[in-house]
Amino acid sequence: MSRFGDPRNLIMLLGGGFLVGFGTRYGNGCTSGHAIMGLSLLSFGSLVATVSFFLGGLLVSNLVLPALMTL
């Protein structure tokens with residue numbers, strides 16, 4: 001059976017997609033745009049955004065996701 005057929009996984013996929021879209025709009029650009037173009041232009045805002053993206057990803061994958069998977 002496909003793991004995408006599980007309603008809990010579908011909700012997590014949809015929620016994650018919404019959060020990525022919201023973050024892109026809120027951060028005035030996508031993660032790769034800030035990391036590649038912004039850092040190559042030595043933009044301090046892009047440096048802060050890129051570090052924040054990585055830290056946020058690490059925190060969510062190590063703290064939030066394991067808690068959600070036990071529900």
Chemist: Output the distance between atom CG (Leu14) and atom CG (Asn9), rounded to the nearest 0.5 Å.
Modeler: 11.0 Å
Chemist: For Ser61 and Pro66, which heavy atoms make the closest approach, and how far apart are they?
Modeler: O-CD, 3.5 Å
Chemist: Please check if atom CE in Met12 has more than 12 non-hydrogen atoms from other residues, nucleotides or ligands closer than 6.0 Å.
Modeler: yes
Chemist: For Phe44 and Val48: C-alpha separation, side-chain torsions, deciding distance, then whether side chain to side chain contact (heavy atoms under 4.5 Å, CB included) applies.
Modeler: CA-CA 6 Å; Phe44 180 72; Val48 171; 3.6 Å; yes
Chemist: Given 3.5 Å as the limit, does a donor-acceptor pair link the side chain of Ser46 with the main chain of Ser43, or not?
Modeler: no
Chemist: Can you give me the closest heavy-atom contact between Leu39 and Leu47, atom names plus distance?
Modeler: CD2-CA, 3.5 Å
Chemist: Just how far is it from atom CG of Leu63 to atom CG of Leu68, taken to the nearest 0.5 Å?
Modeler: 11.0 Å
